[in-house]
Amino acid sequence: MAAINDLISQIKDEELRNRIQAEVNKLSKQKKFGLVFEDHVPECTPLYDVPVQVGRTVAVKDQKITDIYAVTEISDGIATCVDKTTKAEIQLPVESLVSVAEFGEAIYPYLKPIDSVCNAPDSDLWHTLIEADNYHALQLLEYLYAGKVDCIYIDPPYNTGARDWKYNNDYVDSSDSYRHSKWLSMMEKRLKLAKKLLNPADSVLICTIDEKEYLHLGCLLEELFPEARMQMVSSVINVKGTARDRSFSRMNEYLFFLQNGQNEVDALALNDEWRGNIKKSTKDKVRLAGLMRTGTGARRNDSPGCFYPIIFDKDGNYLRTGEAIPLAMKRQDYKVDSDEVAVWPIHTNGEEGCWMYRPDGFINLVNKGYVFFGKMKNSRVSIMYAPKGVQKKIESGEFSVDGYNSDGSAIINDNNYSAKYVPGNQWFISSHNAIEYGSKLLKDVIGETRFTFPKSLYAVHDAIRFFVANKPNALILDFFAGSGTTLHAVNLLNAEDGGHRRCIMVTNNEVSDSEAKSLTKQGYKPGDPEWEKLGIARYVTWPRTVCSIEGHDVNDKPLKGTYLGSEREMAEGFPANAAFFKLGFLDKGAVALGRQFKELLPVLWMKAGCIGPCPTINDEATPDMLVLPENDFAVLTDETQFSAFIDEVNKKSEIHTVFIVTDSTGGFREMANQLHVENCYQLYRDYLDNFRINTGR
């Protein structure tokens, strides 16, 4: 651009120069220099649970989802529709239509409870699975958790050319000349929303990919996350390799890590596989240090306060520690009893040196058992001590103390310790094998899944662990959840270290291409119960979640085997809970009038942190207030009852979040100021404004 602007400045005709400059400015705003791709027809999402009504945007169920119509009239089961492109009028059976959400239009989502599993009734930790198109789910999650997510792990479709992913409800295969730009267009929309969810001060985005799109994805990530630190790791997932026509077989995949703010990779205790050709470090064992200082600053003159005698008897038994002597005093003038020996810090060349600690510091180490004395030889004793690193490991329990020697020194046990470190970016780890610990593991849980290429449980577990090992309350999101490996991995990590990490998964409920053809031949259509029960969310993701938590397969038989790296039996399951929802859409007018409070309650539960079982309302009538200490939140729907509400809320220390239904912003602020809670939101304005503002993206 600088070169172009220099050339423009050389145009003598001022009017022509200004016109060209204006056009170039327009072009620079539209054209990206670097990664350039077609911005495709905006995506549409079929809404099978939204009734077809006058005013709705619809499509024909078994036709292109982008061929959309506006419903102008419905009579006797026939809808009069206007084609939004040609403006032609057409009449279609209502049963053949499905409501459609267009990309960028204001949507007002809610969560319809489908199922739940509770294997830890005393725990307030609840994971969530949301069945939805992930773009609209991300819009909802932005309202709920903007800037609050610690880790996003996604395994998007790899765009290999197989019929494994759709754009605008159509499969994108290798014959589609626009398949790369369609894939990038799809990813860009979702990554922009994902960025808003991540905590800018400390978070990580992890995205897996193979060689088909890793170059494009890397450029896209650099463009969308310029402030993040990005690194790519190569990970072997199939040692046998997958054949490529006239090419090398594929053994690996890639992981992009984008770290925001102060985020860092946690050093972990890893098994020898992670070392590669690196030999074991002495850091794996107790390493003592000599008490006498060496190197620079090691002479008596450098630290006079560290020049003092350590007194032993003639058999080499430690007796006491003397005081530091003045520089002017010769050590030979320091007197001890005839049956005692004074040991001084003297270098092998005879020069006077100094100890690492002053007398009081050394005595403190002796009292703790951190000083180790050798045998006396020629009136000299080798004196070692446990340096600060070893002391910390003892005090943290990484090294154990099995007792004390006769001289008071600790017997330190390092047999169960492995040094923590950060590995390199080439991962050849046997537990990351996607066949053994992905496909076979999933088959053991839910049988023949017809789900291709699930991730190794341990590959996901390890990738996440490097960033949340020291964040026991981390919020983790996967919006390409697939078979549900991420939540399984989070539960395993929590079980290993007692963490309280929460996972949110999002997946659609697509059936496979072959299943879709079979169901169509039988007369079923998307949205029919027979079709929906075979979708990925209901046939794979949720059953795996339930089975892994409860410790059995889909036939209620206990799972066999143990989790790698631990003695935990798979049949134990996990002390965890999870709720399953389907994303639906509400009428804006009905929300504004407060008629859909019952439907919005799960959304409020999620915004308050998913504490305890999701509350429900059996009555159709909206209560004046809800005070739910077991869920850490409360709702006031009738502001005339504020006096009674504040009395209830302020005496419940468990309440951290409050929602107040009022049209008055001033009234809301006045009420909020009287409540002793961390978070307070105005309904339904807060909810409606969010989705009205976040349109047209």
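Residues L636 and F659 are not in side-chain contact: their nearest non-hydrogen atoms beyond the backbone lie 4.5 Å or more apart. Annotation: side chain of L144 is not in contact with side chain of I504 (no heavy-atom distance under 4.5 Å). Contact check for I65 versus K61: no side-chain heavy atoms found under the 4.5 Å cut-off. Side-chain contact between L675 and I646 is present, with at least one heavy-atom pair separated by less than 4.5 Å. Residues E188 and K192 are in side-chain contact: their nearest non-hydrogen atoms beyond the backbone lie under 4.5 Å apart. Side-chain contact between Y153 and L477: absent, with no pair of heavy atoms (C-beta onward) separated by less than 4.5 Å.
The only member of V506, L193, L583 that meets side chain to side chain contact (heavy atoms under 4.5 Å, CB included) when paired with N134 is V506. With H127 as reference, N491 is the one residue of N491, N577, T545 to meet the side chain to side chain donor-acceptor pair (under 3.5 Å) rule.
Between K148 and E142, none of the side-chain N atoms (NZ, or NE/NH1/NH2) sits under 4.0 Å from a carboxylate O, so this pair counts as no salt bridge.
Pairs of residues two or more places apart, or lying in two chains, that qualify as salt bridge (Lys or Arg N to Asp or Glu O under 4.0 Å) and include a residue from residues 463-481 are D202-K471, D462-R465. Residues in residues 70-98 take part in these salt bridge (Lys or Arg N to Asp or Glu O under 4.0 Å) pairs, two or more places apart or across chains: K84-E102.
Residues satisfying the side chain to side chain contact (heavy atoms under 4.5 Å, CB included) criterion with E654, sequence neighbours excluded, are P629, D632, K652. Applying the side chain to side chain contact (heavy atoms under 4.5 Å, CB included) rule to I74 yields the partners V52, V54, V71, A79, V94; only residues at least two apart in sequence or on another chain are considered. With sequence neighbours left out, the ring pair (Phe, Tyr, Trp, His ring centres under 6.0 Å) criterion links Y110 to no other residue. Scanning for side-chain hydrogen bond (donor to acceptor under 3.5 Å, both in side chains) contacts around T665 gives R685, with sequence neighbours left out. Checked against salt bridge (charged side-chain N to carboxylate O under 4.0 Å, His left out), R56 has no partners two or more places apart in sequence or in another chain. By the side chain to side chain contact (heavy atoms under 4.5 Å, CB included) test, N509 is found to be paired with E131, E532, A537, R538, residues two or more places apart in sequence or in another chain being considered. For Q682, there are no side-chain hydrogen bond (donor to acceptor under 3.5 Å, both in side chains) partners two or more places apart in sequence or in a different chain.
Residue E227 places its CD atom among more than 12 non-hydrogen atoms of other residues, nucleotides or ligands, all under 6.0 Å distant.
Looking only at distances, no side-chain donor or acceptor of T622 sits under 3.5 Å from a matching main-chain atom of F597. A donor-acceptor contact shorter than 3.5 Å links the side chain of Y145 to the backbone of M606. A donor-acceptor pair is defined here as one N or O able to donate and one able to accept, closer than 3.5 Å; such a pair exists between the side chain of S99 and the backbone of P51. Between the side chain of N260 and the backbone N or O of A228, no donor-acceptor pair lies under 3.5 Å. Counting only distance, with no hydrogens or angles, the side chain of T72 and the backbone of T80 share a donor-acceptor pair below 3.5 Å. For K607 (side chain) and Y143 (main-chain N/O), a donor-acceptor pair under 3.5 Å exists by modelled atom type. Of the possible donor and acceptor atoms, none in the side chain of S185 sits under 3.5 Å from a partner among the backbone N and O of S181. No donor-acceptor distance shorter than 3.5 angstrom exists from the side chain of D686 to the backbone of L683, with no hydrogens or angles considered. Remark: the backbone N or O of F633 is not paired with any side-chain donor or acceptor of N631 at under 3.5 angstrom. Here the side chain of T637 pairs a donor or acceptor atom with the backbone of D624 at under 3.5 angstrom.
Residues T541 and G482 share a closest heavy-atom pair of OG1-O, 2.6 Å. Annotation for P109 and L600: closest pair O-CD2, 4.0 Å, computed over non-hydrogen atoms. Of all the heavy atoms in L92 and C81, the pair that sits closest is CD1-SG, 4.4 Å. Shortest non-hydrogen contact noted between G218 and M230 is O-CE, 3.7 Å.
A donor and an acceptor atom, one from each side chain of N508 and D133, are nowhere located under 3.5 Å apart. Side-chain atoms of T662 and S664 form no donor-acceptor pair, as typed in the model, at a separation below 3.5 Å.
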Practice prompt. Starting from the C-alpha separation in whole Å, work towards a yes-or-no answer on side-chain contact (heavy atoms from CB on, under 4.5 Å) for F257 and F467.
Written response: CA-CA 10 Å; F257 294 92; F467 299 93; 3.4 Å; yes
Item to complete: Decide yes or no on side chain to side chain donor-acceptor pair (under 3.5 Å) for N263 and S203, but give the supporting numbers first.
Response: CA-CA 6 Å; N263 184 266; S203 63; over 6 Å; no
Item to complete: Apply side-chain contact (heavy atoms from CB on, under 4.5 Å) to the pair H488 and S548, showing each step before the final yes or no.
Response: CA-CA 7 Å; H488 197 162; S548 62; 3.6 Å; yes
Practice prompt. Would you please test V661 and E639 for side-chain contact (heavy atoms from CB on, under 4.5 Å) and show each step?
Written response: CA-CA 7 Å; V661 178; E639 57 186 302; over 6 Å; no
Fill in: Residues Y69, T57; criterion side-chain contact (heavy atoms from CB on, under 4.5 Å); working and verdict
CA-CA 6 Å; Y69 306 87; T57 298; over 6 Å; no
Less than 3.5 Å apart, which donor and acceptor atoms pair up between the side chains of residues 113-123 and the rest of the protein, not counting sequence neighbours?
{"unit_1": "D115", "atom_1": "OD2", "unit_2": "W542", "atom_2": "NE1", "d": "3.0"}
{"unit_1": "N119", "atom_1": "ND2", "unit_2": "I549", "atom_2": "O", "d": "3.0"}
{"unit_1": "N119", "atom_1": "ND2", "unit_2": "F574", "atom_2": "O", "d": "2.9"}
{"unit_1": "S123", "atom_1": "OG", "unit_2": "L125", "atom_2": "N", "d": "3.0"}

Taking distance alone, no hydrogens or angles, what donor-acceptor pairs closer than 3.5 Å link side-chain atoms of residues 608-615 to residues at least two apart or in another chain?
none

Tell me which donor-acceptor pairs under 3.5 Å the side chains of residues 666-674 have, and how far apart each pair is, sequence neighbours excluded?
{"unit_1": "N673", "atom_1": "ND2", "unit_2": "R669", "atom_2": "O", "d": "3.1"}
{"unit_1": "Q674", "atom_1": "NE2", "unit_2": "E670", "atom_2": "O", "d": "3.3"}

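F585 and Y108 have their aromatic ring centers separated by at least 6.0 angstrom.
The distance from atom CE of M505 to atom CZ of R544, rounded to the nearest 0.5 Å, is 8.5 Å. Here I206 contributes atom CD1 and I154 contributes atom CD1; the two are 10.0 Å apart, rounded to the nearest 0.5 Å. A distance of 11.0 Å separates CD in Q262 from CG in N199, rounded to the nearest 0.5 Å. Atom NZ in K112 sits 10.5 Å away from atom CZ in F580 (nearest 0.5 Å). Note that CG of L220 is 10.5 Å distant from NE2 of H216, once rounded to the nearest 0.5 Å. If you take CD on Q231 and CZ on R229, they are separated by 10.0 Å, rounding to the nearest 0.5 Å.
For the pair K533 and Y539, the cation-pi criterion (under 6.0 Å, within 45° of the ring axis) is not fulfilled.
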